[in-house]
Structures are given as C-alpha cells and as structure tokens.
Number of protein chains: 2
Amino acid sequence: MSLRHAVLGMLDEAPASGYDLLRRFEQAMSNVWAATQSQLYGELGKLEKAGLIRVHAEGPRGRKEYEITEEGRVELRHWLVEVKPNRSPRNEVLLRVYFLGSVSPDKAKEFIEYMGENSREREERLTELEASIDWGDDNAAQYGRLVLEWGKRFSAMSREWSEWAVKQID
Amino acid sequence: MSLRHAVLGMLDEAPASGYDLLRRFEQAMSNVWAATQSQLYGELGKLEKAGLIRVHAEGPRGRKEYEITEEGRVELRHWLVEVKPNRSPRNEVLLRVYFLGSVSPDKAKEFIEYMGENSREREERLTELEASIDWGDDNAAQYGRLVLEWGKRFSAMSREWSEWAVKQID
DNA sequence: AAACGCATGTAACATGTTACATGATTAG
DNA sequence: CTAATCATGTAACATGTTACATGCGTTT
C-alpha cells in the first residue's frame with residue numbers, strides 16, 4: 001500500500017488536487033514511484049472515505065484540493081519508520097540479462113550496451129535536473145536532494161557495470 | 001508480462017516442474033524477480049494453453065515436468081532483445097526517504113542507517129553466494145555471474161550512499 | 001505411524017494498466 | 001473561436017498476494 005503513503009507524504013507538505021499530485025508522480029516522483037491517473041483518483045477517494053485526507057478547498061472545473069488530516073499524519077509517520085519495507089524486487093532488465101544465454105553473444109552485447117546507453121542518459125537527465133532545481137533550504141527539499149543523489153549514483157553504477165559486462169561476454 | 005518470460009527462460013535451460021521453478025524463484029531468482037506459488041501455477045496453465053510450453057514427463061505425486069516448445073523459444077528470443085523494457089520503477093525504501101522530512105532528524109538518520117545495514121547484509125550474502133557456487137563454464141552460467149556482480153555493485157552503492165546520506169542530515 | 005517435503009491447485013482480494021468518457025477554463 | 005490544458009471520473013482487464021485445500025511419497 002505504498003501509493004497511499006506517497007499521497008499522504010505529498011499532502012503532508014502542502015494541500016493539492018489529484019491533478020497536482022499526478023504532475024508530481026510524472027515528474028519528480030517518477031524515478032521512485034509510479035501512479036496512473038486512474039489509480040490516483042481511486043486512491044484519493046479511498047483515503048477520503050478512510051478519513052486520512054479531506055477536501056479543503058474547491059476550485060474551478062470541479063477541482064478538489066485535499067489536505068491531510070491528523071489521522072493521516074499519524075498513519076504516515078507510522079509507515080515511514082515503523083513498518084518494515086517488504087516489496088519484492090523486480091528488475092525486468094536484469095531478468096533479461098539472466099537469460100541472454102538464449103541469444104547470440106552479439107545480440108547479448110548489443111542489449112547490454114543499450115542498457116549502458118540508458119544509464120548514461122538517465123545520469124545526464126538527473127545532473128541537468130539537479131542544476132535546474134532551485135533548492136530552497138527547507139526541510140523537505142533536503143531529502144529530495146538525497147533521493148536525487150541516490151539516482152545519480154545508481155545510474156553511474158549501472159553504466160559502469162554495463163561497460164564491464166560487455167567485456168565479459170565471450 | 002515478465003513472469004511469463006522468466007518461466008520460458010528457465011525452461012529454455014532445462015525442463016522443470018512448477019515445484020522446481022518455484023525453488024528457483026525463491027533462491028537464485030529472488031534478487032531479480034519474485035513469484036508466488038499461486039501465480040506460478042496459474043501462469044504455467046496459461047503458457048501450456050497458449051502452446052508455448054508442453055508437459056514433457058509426469059512423475060510421482062502428480063508432478064508435471066514442462067518443456068519449452070519451439071513457439072515458446074521464438075517468443076522468448078523476441079522478448080529478450082526486441083521488446084522495449086517498460087516497467088516503471090518502484091522503490092519503496094527510496095519513497096520513504098523522500099518523505100523523511102515528516103519525522104524528526106533522529107528518526108530519519110535511524111532509518112537511513114537501517115538501510116545501510118540492509119545493504120551491508122545483502123553485500124555479504126552475495127559474496128558468500130558467489131564463493132559457494134560452482135560455476136560451470138557453460139554459457140548460461142556466464143550471465144548468472146553478470147547478474148550477481150550487478151547485485152554486488154548495487155549493494156555497495158547503496159551502502160556508500162547511506163553512509164554519505166546520514167552525514168547530510170541536519 | 002508420524003513428520004516432513006513434494007506437488008498441485010482454487011478463491012478472494014489488492015494493486016496496477018489501458019481505454020473510454022466528459023466537460024470547464026484559459027491562452028492565443 | 002479554437003486548441004491546449006485543467007480536471008475528474010468509470011470500466012474492463014492484467015498482475016500479484018494471501019489464505020485455504022488436498023494428497024502422495026519418503027524418511028525417521
């Protein structure tokens with residue numbers, strides 16, 4: 001149930017509409033957690049019914065701005081540090097590497113080079129992002145920087161691995 | 001539909017029963033792709049109906065050993081290098097880091113230290129695993145080594161990030 | 001004979017994706 | 001006035017999890 005907590009976390013920073021949250025899922029959040037529009041609106045409905053968020057203001061075009069409730073904050077803090085993370089890892093690209101023995105070494109190399117290319121691009125995008133963001137010195141932004149740094153290190157590691165791995169084939 | 005392809009990949013190495021495959025998902029595969037017993041048996045049924053695998057031998061206790069068909073091999077090779085990977089990343093732990101501003105710096109530090117501890121353990125487990133495996137020099141094992149190395153580098157990177165990140169807080 | 005491991009399957013539920021559907025407001 | 005963007009929602013389907021159910025074969 002992490003989508004639920006992603007929403008609570010964002011609303012704990014500031015009130016927002018489903019539409020606002022969707023933008024964040026597509027942008028800043030997209031390296032960490034995904035959500036489709038459909039799923040998001042559904043979850044907002046459930047969260048409201050459960051009393052963890054409430055409509056705080058309505059705007060044009062049926063816009064509903066939600067805010068987190070005290071109950072929601074309690075749930076968020078509980079999840080953040082007390083609930084054991086238990087997602088099973090799923091890495092589709094690495095899964096393919098496992099089975100590259102089923103194609104020719106040339107195709108395998110090509111695939112791993114493609115992985116390296118992706119990592120390089122990701123690395124660049126994150127570096128650009130870092131430069132473009134005006135990091136206020138508020139509390140929340142601090143952790144955004146940590147996540148960004150994680151992404152950069154991850155991309156670098158993946159790129160280096162790809163460079164090493166192509167050399168191992170045959 | 002990666003579960004499907006994980007199954008095809010394993011059956012392309014050697015025939016196996018659902019039970020055999022489950023063992024692999026729980027062991028070697030667990031760092032890369034997860035599957036529950038329930039899901040696996042369901043998928044085997046679908047794959048058989050679709051003609052991508054077939055029952056190749058039956059054993060005691062209703063054991064059904066499957067083998068991949070030529071059609072299955074075609075599908076596997078197609079997926080391996082021609083289908084664009086499109087899984088959206090989901091990292092529950094990193095999602096929490098994003099929102100650590102909602103708890104005290106002390107609790108945040110504790111959480112990141114816990115992350116580092118996990119990475120260290122994972123690193124050790126993989127190193128032990130590496131030593132314990134008798135790598136035959138067959139084609140398939142080669143790629144298993146690449147995946148293992150990825151895991152080791154990933155764990156090391158996570159550990160180093162954690163060490164760096166705790167120092168950034170406050 | 002009991003306990004353990006092998007072996008398969010179903011049902012209910014939760015989560016996530018794709019496609020469809022609708023309409024208001026704002027910018028050019 | 002027209003296109004883009006804002007804004008919310010539903011339906012059908014695919015994927016994944018937890019719990020339940022059953023029984024055979026082997027080892028102690």
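Quick note: numbers below take in every heavy atom, side chains included, and nothing from hydrogens, waters or symmetry partners. We name chains A, B, ... by the order of the sequence lines, and we start the count at 1 in each one.
- Under 4.0 Å is where a charged nitrogen must lie from a carboxylate oxygen, and between R120(A) and E113(A) no such pair does.
- A search for side chain to side chain donor-acceptor pair (under 3.5 Å) contacts involving R153(A) returns E149(A), not counting sequence neighbours.
- Salt-bridge check for E123(A) with R159(A): passed, with a basic side-chain N closer than 4.0 Å to an acidic carboxylate O.
- At least one donor-acceptor pair closer than 3.5 Å links the side chain of W161(A) to the backbone N or O of L146(B).
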Hey, can you pull the donor-acceptor pairs under 3.5 Å for the side chains in residues 97-109 of chain A, sequence neighbours left out?
| residue | atom | partner | partner atom | Å |
| --- | --- | --- | --- | --- |
| Y98(A) | OH | A28(B) | O | 3.3 |
| S102(A) | OG | D12(B) | OD2 | 2.6 |
| S104(A) | OG | K107(A) | N | 3.2 |

Could you list the donor-acceptor pairs under 3.5 angstrom formed between side-chain atoms of residues 42-60 of chain A and any protein atom two or more places apart in sequence or on another chain?
| residue | atom | partner | partner atom | Å |
| --- | --- | --- | --- | --- |
| E43(A) | OE2 | R4(A) | NE | 3.2 |
| E43(A) | OE2 | R4(A) | NH2 | 3.3 |
| R54(A) | NH1 | E67(A) | OE2 | 2.7 |

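- Residues of residues 44-61 of chain B having a heavy atom closer than 4.0 Å to DNA chain D, listed by number: P60(B), R61(B).
- Not a single salt bridge (charged side-chain N to carboxylate O under 4.0 Å, His left out) links R61(A) to another residue, sequence neighbours left out.
- Each of K64(B) and N86(B) was matched to the nucleotide of DNA chain C holding its nearest heavy atom; the match closer to the 5' end belongs to K64(B).
- Under the salt bridge (charged side-chain N to carboxylate O under 4.0 Å, His left out) criterion, E75(A) pairs with no residue, sequence neighbours left out.
- Qualifying side chain to side chain donor-acceptor pair (under 3.5 Å) partners for R125(A), counting only residues two or more places apart in sequence or in other chains: none.
- First and last contacting nucleotides of DNA chain C toward chain B (any atom under 4.0 angstrom from a heavy atom, 5' to 3' order): dG5(C) to dT17(C).
- Scored by the side chain to side chain donor-acceptor pair (under 3.5 Å) test, S155(B) finds R122(B) as partners (sequence neighbours excluded).
- Under a 3.5 Å cut-off, the side chain of W79(A) and the backbone N or O of R96(B) do not form any donor-acceptor pair.
- Taking a cutoff of 4.0 Å between a charged side-chain nitrogen and a carboxylate oxygen, R73(A) and E71(A) do not qualify as a salt bridge.
- Residue Y41(A) contributes atom OH, which lies 4 Å from atom P of dT8(D) at whole-angstrom precision.
- Partners of Y19(B) under the side chain to side chain donor-acceptor pair (under 3.5 Å) rule, at least two apart in sequence or in another chain, are R23(B).
- Sorted by residue number, the members of residues 87-97 of chain B with any non-hydrogen atom under 4.0 Å from DNA chain D read R87(B).
- Across the interface with DNA chain D, nearest-nucleotide mapping of Q37(A) and M1(B) shows Q37(A) to be the residue nearer the 5′ end.
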Tabulate atom names and distances for all N/O pairs under 3.5 angstrom spanning the protein and nucleotides 1-3 of chain D.
none

